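Reviewing the structure listed below.
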Protein chains: 2
Amino acid sequence: MNLPPLIQTFVLHFGEMGSRWGINRTVGQIYALLFLSSEPLNAEDIVDRLGVSRSNVSMGLKELQSWNLVRLQHVPGDRRDYFSTPDDIWQIVRTLVEERKKREIDPTLTLLREVLMQEPASAEERHAQARMREMHDLFELLTDWYADMQRLETERLVQLLKLGTKVQKILDVKDRLFPTSGSKNRRGSGKDK
Amino acid sequence: MNLPPLIQTFVLHFGEMGSRWGINRTVGQIYALLFLSSEPLNAEDIVDRLGVSRSNVSMGLKELQSWNLVRLQHVPGDRRDYFSTPDDIWQIVRTLVEERKKREIDPTLTLLREVLMQEPASAEERHAQARMREMHDLFELLTDWYADMQRLETERLVQLLKLGTKVQKILDVKDRLFPTSGSKNRRGSGKDK
DNA sequence: CCGATATTTCAGAAAATACTGAAACTTCAG
DNA sequence: CTGAAGTTTCAGTATTTTCTGAAATATCGG
């Protein structure tokens with residue numbers, strides 16, 4: 001590995017964290033390298049810097065492309081493929097959350113829908129199904145909320161995040177000013193807990 | 001494996017998804033089983049139902065305990081350890097997010113803080129550090145927001161999630177009614193893209 | 001303290017995943 | 001069409017992770 005110390009620290013860390021994030025070491029390192037780089041890199045650059053095999057880099061880049069986490073581009077007068085990460089870090093977050101949802105949530109949501117269609121054949125299954133229903137409703141609430149957020153412009157999104165729970169106070173004010181509006185979202189009458 | 005079909009489907013699915021969620025197959029299956037069960041199970045129950053070795057179950061339960069995802073309890077007159085998941089599914093979400101943050105975000109945040117203290121030794125390192133600064137600030141914004149949300153009562157949290165982006169409209173109303181209040185959160189004056 | 005029951009640890013086997021080098025394939029300039 | 005440059009695929013190897021059975025450890029009633 002052939003990198004300035006500061007960059008190497010970060011790249012190694014991403015490699016280590018890879019396993020916790022569901023990618024392998026090389027993929028983590030490639031991503032870290034691209035993220036830090038001021039200009040796009042080609043596969044050979046990455047081989048030189050990380051000291052892993054050409055084919056490993058090729059597979060890693062393919063994996064990152066399947067996550068939409070890197071962008072393929074071309075340098076004029078150069079036939080090789082160059083890769084980079086988006087400059088806008090919020091774009092990265094959006095992509096990451098989207099892809100994780102696709103891989104970690106959606107398949108389960110699909111399965112839950114299927115299983116909830118079936119007839120329970122015993123008290124045990126009936127209870128299990130009720131539990132799955134809870135999980136299903138939760139996932140649906142979260143994904144609906146997420147879809148909403150994903151639609152916001154970044155600036156608005158950041159504004160909302162910075163507000164945090166202060167939003168709550170505003171809701172209180174709103175309730176006092178317009179007691180009924182939006183009350184379809186207020187059905188906390190004993191059903192929960 | 002010895003389970004009613006409906007339950008088996010779900011348990012197998014959780015086993016498969018396990019690898020995407022950063023746990024192994026057995027741990028995923030044990031968790032699914034406990035989640036669906038109407039009463040606590042002991043290790044031997046789990047062995048019988050899943051058909052895996054006793055030691056594997058023991059390790060799996062230990063792993064789940066380290067995630068705070070299962071609760072150990074005792075049945076009067078029985079020396080064995082019984083395990084269950086919280087009845088409140090929101091409690092499960094809170095724990096899960098907390099633990100994932102602890103494992104997937106916090107170590108990186110720590111590393112970023114350290115690396116940002118160092119002096120860049122070249123233009124390349126300077127650019128890399130600027131990039132890390134972006135990531136650091138993003139992580140900090142997200143974790144601050146998360147800490148805020150974690151503090152909310154479940155009912156309020158659900159209310160907020162259901163509102164989704166409608167919150168935005170309320171912000172607009174608020175701005176018109178109280179143009180200056182809360183404006184410390186409105187610093188989109190050129191610094192952001 | 002004893003022995004019965006329950007749980008954990010651990011070394012090695014089995015399985016899954018990552019990595020490599022070589023070969024196959026693709027693209028493009030001449 | 002040819003061959004040089006670039007990229008991908010793939011079979012085999014290495015590494016890591018998971019899983020098991022056996023042994024060690026812990027707990028508790030008597």
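To find a chain, count down the sequence lines: A is the first, B the second, and so on, and within it residues start at 1. Here the structure is a predicted model, which is why all the values come from computation and not from measurement.
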(Q) Using a 4.0 Å heavy-atom cut-off to protein, can you give one letter per nucleotide of nucleotides 4-20 of chain D, 5' to 3': B if the base is in contact, S if only the sugar-phosphate is, - if neither? (A) -BSBBBB-------SSB
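- Going from atom CG of A/L72 over to atom C1' of C/dT26 covers 15 Å, rounded to whole Å.
- Residues A/Q91 and A/R94 are in side-chain contact: their nearest non-hydrogen atoms beyond the backbone lie under 4.5 Å apart.
- One N or O on the side chain of A/Q129 and one on the backbone of A/V115 form a donor-acceptor pair closer than 3.5 Å.
- The nearest whole Å value for the distance from the NE2 atom in B/H74 to the P atom in C/dA6 is 11 Å.
- The one candidate from A/H136, A/R131, A/M132 that meets the side chain to side chain contact (heavy atoms under 4.5 Å, CB included) condition with A/E134 is A/R131.
- When ring centroids are compared, B/W67 and B/Y31 stay outside the 6.0 Å threshold.
- The side-chain heavy atoms of A/S38 and B/E124, taken from C-beta on, include no pair separated by under 4.5 Å.
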